[in-house]
Amino acid sequence: DTGVSQDPRHKITKRGQNVTFRCDPISEHNRLYWYRQTLGQGPEFLTYFQNEAQLEKSRLLSDRFSAERPKGSFSTLEIQRTEQGDSAMYLCASSPPLIAGERPEQYFGPGTRLTVT
Amino acid sequence: TQLLEQSPQFLSIQEGENLTVYCNSSSVFSSLQWYRQEPGEGPVLLVTVVTGGEVKKLKRLTFQFGDARKDSSLHITAAQPGDTGLYLCAGAWIYNQGGKLIFGQGTELSVKP
């Protein structure tokens with residue numbers, strides 16, 4: 001049984017370049033979340049999907065950010081025209097369908113560390 | 001303004017000591033989760049609490065959810081160097097906000113041998 005996987009683990013890019021990250025959730029988890037974490041802070045919510053539908057986007061997610069989950073399985077997060085302020089750890093999490101009486105739980109991947117120079 | 005306030009932010013103790021981390025909010029949550037994170041890795045789920053007043057134990061770790069579901073605490077007994085890490089609490093509103101997590105800023109714990 002594999003957990004949530006993310007690729008790449010590390011990305012160094014120059015300001016102005018585009019980057020794309022991939023997340024593969026735990027199989028049969030229908031919900032997928034993206035978070036961003038900067039040094040010394042807890043993760044901040046960016047967006048989430050239920051199956052292939054993107055149901056919410058944080059106002060932190062500027063127009064330069066876009067996320068997709070085309071077949072309800074893996075997801076990609078793209079950042080266009082990267083800025084130094086985008087440097088952070090990008091975390092993906094997944095959770096199974098909510099069933100009454102069961103505890104809601106999210107499982108995180110190892111993250112993608114982005115450094116914009 | 002942080003919706004979930006964790007305290008203390010930093011804690012350095014000797015092996016064998018006890019400690020408590022607090023997570024407070026003015027909001028009521030459907031559930032609250034505690035995670036532990038090591039440098040360069042994603043958070044690892046420790047426990048989920050959903051009922052006001054609930055107490056859950058995980059070996060030397062005891063988690064409590066406040067009666068009003070606004071606050072929580074994590075107590076570690078006889079801390080060991082392996083407990084070192086960043087402890088995060090995260091609240092969720094399950095049925096009207098899709099279960100997204102709102103995190104505290106974390107408590108950085110260092111346990112010295």
Side-chain angles (χ1 to χ4, degrees), chain A residues 3-6 9-10 21 23 25-26 29-51 53-61 88-115, chain B residues 1-10 21 23-25 29-51 54 56 58 63 65 69 72 74 85-109:
Chain A
V4 179
S5 61
Q6 292 187 246
R9 292 292 308 275
H10 304 275
F21 310 141
C23 170
I26 295 170
H29 279 196
N30 66 335
R31 295 185 183 220
L32 186 149
Y33 305 81
W34 285 98
Y35 296 85
R36 180 171 69 188
Q37 185 178 27
T38 53
L39 208 59
Q41 299 295 320
E44 293 177 298
F45 169 78
L46 292 179
T47 188
Y48 95 96
F49 294 83
Q50 181 167 304
N51 301 311
Q54 188 175 19
L55 296 186
E56 185 177 349
K57 293 195 300 185
S58 163
R59 61 179 182 275
L60 292 175
L61 215 64
M89 174 80 93
Y90 289 83
L91 293 162
C92 175
S94 69
S95 64
L98 283 173
I99 298 175
E102 291 196 359
R103 291 172 184 270
E105 295 180 339
Q106 281 188 34
Y107 298 91
F108 281 81
T112 294
R113 168 72 65 189
L114 173 66
T115 302
Chain B
T1 302
Q2 194 81 21
L3 198 58
L4 265 176
E5 295 282 346
Q6 273 188 250
S7 62
Q9 281 192 263
F10 301 96
V21 176
C23 179
N24 295 299
S25 175
F29 291 104
S30 305
S31 68
L32 196 137
Q33 304 186 18
W34 284 91
Y35 291 85
R36 180 168 166 266
Q37 185 178 25
E38 299 201 21
E41 299 294 330
V44 175
L45 181 64
L46 298 174
V47 78
T48 301
V49 286
V50 297
T51 306
E54 181 178 3
K56 289 188 77 71
L58 188 67
F63 304 86
F65 202 12
R69 289 186 289 127
S72 182
L74 158 61
L86 179 68
Y87 288 83
L88 295 159
C89 65
W93 301 285
I94 301 303
Y95 296 105
N96 60 1
Q97 295 216 26
K100 71 181 182 187
L101 294 175
I102 307 299
F103 281 87
Q105 67 270 57
T107 294
E108 188 72 55
L109 173 64

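Residue numbers begin at 1 in each chain, while the letters A, B, ... track the order of the sequences. Basis for what follows: all heavy atoms, side chains included, without hydrogens, waters or symmetry-related copies.
- Contact annotation: the side chain of B/Tyr87 approaches that of B/Leu46 to within less than 4.5 Å [non-hydrogen atoms, C-beta and beyond].
- The contact between A/Leu91 and chain B is made entirely by side chain atoms (from C-beta outward), counting heavy-atom distances below 4.5 Å.
- Top candidate by heavy-atom pairs under 4.5 Å with chain B, chosen from A/His10, A/Gln106, A/Arg113, is A/Gln106.
- Without hydrogens or angle criteria, A/Arg36 side chain to A/Glu44 main chain gives no donor-acceptor distance under 3.5 Å.
- In terms of heavy-atom pairs under 4.5 Å with chain B, the best-connected choice from A/Pro110, A/Gly111, A/Pro43 is A/Pro43.
- The part of B/Leu86 that comes within reach of chain A is its side chain, from C-beta onward, which places non-hydrogen atoms under 4.5 angstrom from that chain.
- The side chain to side chain donor-acceptor pair (under 3.5 Å) test applied to B/Glu38 returns B/Arg36, not counting sequence neighbours.
- Of the N and O atoms on the side chains of B/Tyr35 and B/Gln37, not one donor lies less than 3.5 Å from an acceptor on the other residue.
- Using a 4.5 Å cut-off between heavy atoms, A/Gln37 contacts chain B through its side chain alone, with no backbone atom that close.
- Every residue meeting the ring-ring contact (aromatic ring centres under 6.0 Å, His included) condition with A/Tyr90, not counting sequence neighbours, appears here in chain and number order: A/Phe21.
- Residue contact with chain A, scored on non-hydrogen atoms closer than 4.5 Å, involves the side chain of B/Leu45 exclusively.
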